[in-house]
Amino acid sequence: MTTADTAAAPRARGPLALARRAVLYAVLALAALAILVPFLWMVSASLKRNNDVFTIPIQWIPQDFQWGNFTEIWTRVPLDTYLGNTVFLSLVITFLQVLTGSFAAYGFAKVRFRGRDTLFMLYIATIAVPWQAYMIPQYIMMQKAELTDTFLSLILIQAFGAFGVFLMRQYYLTIPDELCEAARVDGLSEYGIWARIMLPLSKPALASLALLTFVNTWNDYMGPFIYLTSNDLWTIQLGLRSFVGQYDADYAMMMTGSVLSVLPIMIIFLLGQRHFIQGIASSGMKG
Amino acid sequence: MKRRKMLAAVGLAMAVALPLAACGSGGDEAESGPVELTVAVWSLASTPEFQTLFDAFHQANPDITIKPVDILAADYPTKVTTMLAGGDTTDVITMKTLADYVRFAGRGQLKDVSSLATSADAGKLAGLDQYKQDGDKYYALPYRQDFWVLYYNKKMFDAAGQPYPTNLTWDQYVELAKKLTSGTGEKKVYGAYQHTWRSIVQAISAAQTGGDQLSGDYKFLADQYRTALALQEAGATLDFGTAVTQKTGYASMFESGKTAMLPMGTWYIAKILSEKKKGSTDADWAIAPLPQRTGASGITTFGAPTAFAVNKKAKHAAAAEKFVQFAASAAGAKAIAGIGVVPAYSSDEIRQQYFALPGMPTDDLSKKAFTPDKINPEMPVSDKTAKVDTILNEEHQLIMTKQKSIDDAIKEMETRVKNEVN
Amino acid sequence: MADLLTATPATASAAPPPRARDRRRARRNTLIGWSFILPNFLGFAVLTLVPVLAAFALSFMEWDSYNPPEWVGLDNFERLLNDESTKIALRNTAYYALGHVPLTMLAALGLALLLNRKIAGVGFFRAAAFFPYITSMVAVAIVWNMLFNPEFGPVNQFLQFLGVDSPPGWTTSTTWAMPAVILTSVWRDMGYYMVLFLAGLQAIPVEQYEAAKVDGASTWQRFRAVTLPGLRPVTFLVLVLLTVQSFKVFDLIVVMTDGGPGRATLVLSQQIYRRGIVEGEFGYASAISFVLFLLVLVFTLVQFWINNRRERR
């Protein structure tokens, strides 16, 4: 079950290997189906009338398909505006987080100086404080700076998180110090090492950081809810929750919107995951 | 050690400086010319009463335009708390619950509007008393007053050959529900649907027995819990655990004909009227008074008002007061009654207008249900309300999921309220 | 706070401090190090660190979010010791973390190993594993609650098929609600951490596996000797992130059980939210977060220390 199997697989081509492969696919397909059940419910709910969403027992296939939900949602809420805002925020925050995170991570992983680890612990420690605890002081600061109800407030709060620094530092630790030493001997500056050696070598890590940051920003609800008041600044998650009223909710519309909001993430994921193919990092390291 | 002290001092200084620095501008009383008034509301798109009120107000005051601040209903208090903490200058704040109102008023975040509350018109405002603070001060005026009635599906009663629910006691209600229950699996229809909120048991028994939900003595709840459990054990209502975990909507239960009776607040009238108009339900509905305790005279139910308040840091305080007064006046009541919302301002004229709405049932029973003899508050208001509410809700779940007996849970409520609420 | 941290084994890091013999080089390194860290640190310090420190200061005060706070010393902490709901929330949070952390870790690592191969359609399977994380939380709660339904849920039907007489009531039972929540959250989070492990596996040079193979190491031996040590920094990352995430769990519980039935799944973040936002006692809520923070800090430091000792070996 280790990665070494991968390297061996193409060579062994007997009936046994074929059978093993068939079993593997069967297991994977079954697991995938089991994992996707709630998603299937989401799709099914998005094609129902609101009153038919919560039937007991669950009705998996809608009685009559409400394909109209997928056109109606665009007129019920300004979904295109929400989508645009979410794409903008997710891209900017992801870009800044990856850039400043990987940059700072180099300082934490490959430069030795006094107080480095203390500072690092400070970073990790703040991740442990729940947002509910400091949400109001943070908001008051933002209000003082007159930044509430702007994209900038959200970008500033989320782009400089400790998460990216922590993640990148851990991956840089796996890259041997000898590589940096060799580069230093060759006369490369520290910034040059970061740009020319570390960045290319850490592609899988950068991909995973970008992916996870993007997804987290895309799905964030509380941050945009507190900081973005004007309707034309709303993100898709706020748009989805706007179908919840004081006493009731339009779950069919919510699920329609959720299905639509998952699609872009799926594309990003399928593009990003290609960087997780065994061998890229190692072949780079031979040089 | 020195450094630690310094850090503590810095943190402290910041914490102290934050709220002070958040002070915004006060309201300007003498204003003329066009004004843009900001009003914080929840889920504007799915709560048509707000836009209706805004339009009516703008028509009466053409120089004041209203800009709604749309906040999601589910987390409305969180956002308003945060905004006000930051010194936000939104002019009018809608008070979604009385508990929120008490908190905002207690912190001094709302403007005193006592003068409006003592005017002649205000005498007709149902639920106004509940906003009284510190003896004789008011910081908000109600514009809406909902109370609980029994919705029923006429077709299902006719099919089962049962008479419509006039003058029911709770025992009769349970028996009736059993008779109206039929089918199994996907075809199952229930005689009654009791939603999962604690009010359906606790506020009803408090209102009808005169018990006080803040008192710390909860024996008055026992009868109503026996009723609720009897209904559940007979299979005449959807079981509580399933309703909670599957997020069952009372509206879809009633509108899809899954239940014959539904005790619910009057806010549901506007919703069902609009669903019928859209054609998304064919439920043939009417309302009846809430069932009563055996031997009780008159109809006692419970209700909760909704109000507008003026932010103390409002940019346009004078215009804001004008709006709050308008919403609570006959003119405001007329506007929202026109879309099926029950206004706090009550008069015969408004009632007549209300029953003239297209699609509204006009039988005598429905009219009787609309004029109960007594509407008690859903929950008494004090600074302890939020805490007691949490405790009562937690024990409610334990009784309804049968994790605890009624008596044990009531004892637990009493001890917890004594220990945890000062 | 800085003292608190330096007093710990955190200083004993993988990289020994530079010797004093070259002071100028040390100073230069400090400058270079800070120049890397500064762009991120500035944003972090102003927007996260300052509010966090303010929250800590507030834990010694009484504050209603609006009027000036009042110093009350250790009152909030004293109250915390007598607040039964907070104690229950603390216990539940620990219970949740103890289940969620190891199970998610194993599931994520297993998935990553399974899907770290060049087979057709691997992208689809990886996406499938990641899907629970991006599926709407409401959908997750509804479907899992349905699966766990005591009467007609498939889980209990299966248990009855296996011969279990009285299968658990899951989310409607005070005893079984937490296991149900843990299982759901493991299912939801495993794809997220799989992504981290997948990226970590890429950093292990193929040559090491080949060398081990030449030496005649079995699959299991290769896993022990090559994969696990190669993944150590990533494992540490996942462990810390998972611990933090477990202790801060909020959304899933709110949607799935809202702390119920009764207080069976009430967790600390919910308690902080209720005492703070709902009941308006922000000083006390800050004190609870302070306790939560200390708990996580202890866990993290222990992990940091173990990790560093292993790395030096």
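Here is the naming used below: chain letters follow the sequence lines, and residue numbers restart at 1 for every chain.
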Result of checking A:F120, A:Y106, A:Y123 against A:R169 for side chain to side chain contact (heavy atoms under 4.5 Å, CB included): A:F120
Is there a side-chain contact between A:M141 and C:P51 (heavy atoms, below 4.5 Å)? yes
Checking A:Y172 now: which residues fulfil ring pair (Phe, Tyr, Trp, His ring centres under 6.0 Å) with it, not counting sequence neighbours? none
Turns out that what part of C:I272 lies under 4.5 Å from chain A's heavy atoms comes down to side chain
Below 4.5 Å, heavy-atom pairs only: which of A:L36, A:L119, A:L212 has the largest tally toward chain C? A:L212
Parallel under 30°, tilted from 30 to 60°, perpendicular over 60°: which one fits the rings of A:W218 and A:F214? parallel
Does any non-hydrogen side-chain atom of C:T300 lie less than 4.5 Å from one of C:T243? no
Heavy-atom distances under 4.5 Å only: say whether C:A285 touches chain A with side chain, backbone, both or neither. neither
Could you work out, with ring pair (Phe, Tyr, Trp, His ring centres under 6.0 Å) as the rule, every residue matching C:F125, not counting sequence neighbours? none
Looking at A:Y171, A:F39, A:Y139, A:F163, which makes the most heavy-atom pairs under 4.5 Å with chain C? A:Y171
For C:F290, is it the side chain, the backbone, both or neither that has a heavy atom under 4.5 Å from a heavy atom of chain A? neither
Do the non-hydrogen side-chain atoms of C:V240 and A:I127 ever get within less than 4.5 Å of each other? no
Scored by heavy-atom pairs under 4.5 Å with chain C, the best of A:L167, A:L99, A:I157, A:V259 is A:L167
So, do C:V195 and A:F269 sit near enough that their side-chain heavy atoms are less than 4.5 Å apart? yes
Honestly, the part of C:M190 sitting under 4.5 Å from a heavy atom of chain A is side chain
Got C:L49 and A:L122 here, is their nearest side-chain heavy-atom distance under 4.5 Å? yes
Answer whether the closest heavy-atom distance between the side chains of C:L58 and A:Y134 falls below 4.5 Å. no
If you tally heavy-atom pairs under 4.5 Å against chain A, which of C:G230, C:A128, C:A141 wins? C:A128
Under 4.5 Å from any heavy atom of chain C, what part of A:L156 do you find: side chain, backbone, both or neither? both
Most contact-rich option vs chain A, by heavy-atom pairs under 4.5 angstrom, among C:F282, C:F130, C:Y273, is C:F130
The interface call for A:I124 against chain C, heavy-atom contacts under 4.5 Å, is side chain
Honestly, the part of A:F103 sitting under 4.5 Å from a heavy atom of chain C is both
Heavy-atom distances under 4.5 Å only: say whether A:L28 touches chain C with side chain, backbone, both or neither. both
Given a strict heavy-atom distance threshold of 4.5 Å, which part of A:I136 is in contact with chain C: side chain, backbone, both, or neither? side chain
Short side-chain donor-acceptor distance under 3.5 Å, C:Y209 and C:T227: yes
Are C:F197 and C:L231 side-chain neighbours, meaning at least one heavy-atom pair lies under 4.5 Å? yes
Looking at side-chain heavy atoms only, is the closest gap between A:Q158 and A:Q97 below 4.5 Å? no
Tell me which of these, C:A112, C:G33, C:G121, C:A212, has more heavy-atom pairs under 4.5 Å with chain A than the rest. C:G33
Please classify the contact of C:V46 with chain A as side chain, backbone, both or neither, using a heavy-atom distance under 4.5 Å. both
Can you tell which part of A:V129 gets under 4.5 Å to a heavy atom of chain C, answering side chain, backbone, both or neither? both
What part of C:I277 gets closer than 4.5 Å to chain A, counting heavy atoms only: side chain, backbone, both or neither? side chain
Do A:W194 and A:Y191 have their ring centres less than 6.0 Å from each other? no
Of the listed C:W144, C:F124, C:F299, C:F250, the one with the largest count of heavy-atom pairs under 4.5 Å with chain A is C:F250
In terms of heavy-atom proximity below 4.5 Å to chain A, should C:L115 be classed as side chain, backbone, both, or neither? side chain
Any idea which of C:L295, C:L31, C:V140, C:L196 has the most non-hydrogen atom pairs under 4.5 angstrom with chain A? C:L196
Checked C:L237, C:T135, C:V244 vs chain A; the most non-hydrogen pairs under 4.5 Å come from C:L237
In plain terms, say whether C:D251 and C:R188 are close enough for a salt bridge, that is, a side-chain N and a carboxylate O under 4.0 Å apart. no
Most heavy-atom pairs under 4.5 angstrom with chain C, which of A:S258, A:P130, A:S208? A:P130
Checking heavy atoms, do the side chain of C:S59, its backbone, both or neither come under 4.5 Å from chain A? neither
Is it the side chain or the backbone of A:L40 that comes within 4.5 Å of chain C heavy atoms, both, or neither? neither
Measure C:Y192 against the heavy atoms of chain A and call it side chain, backbone, both or neither at under 4.5 Å. both
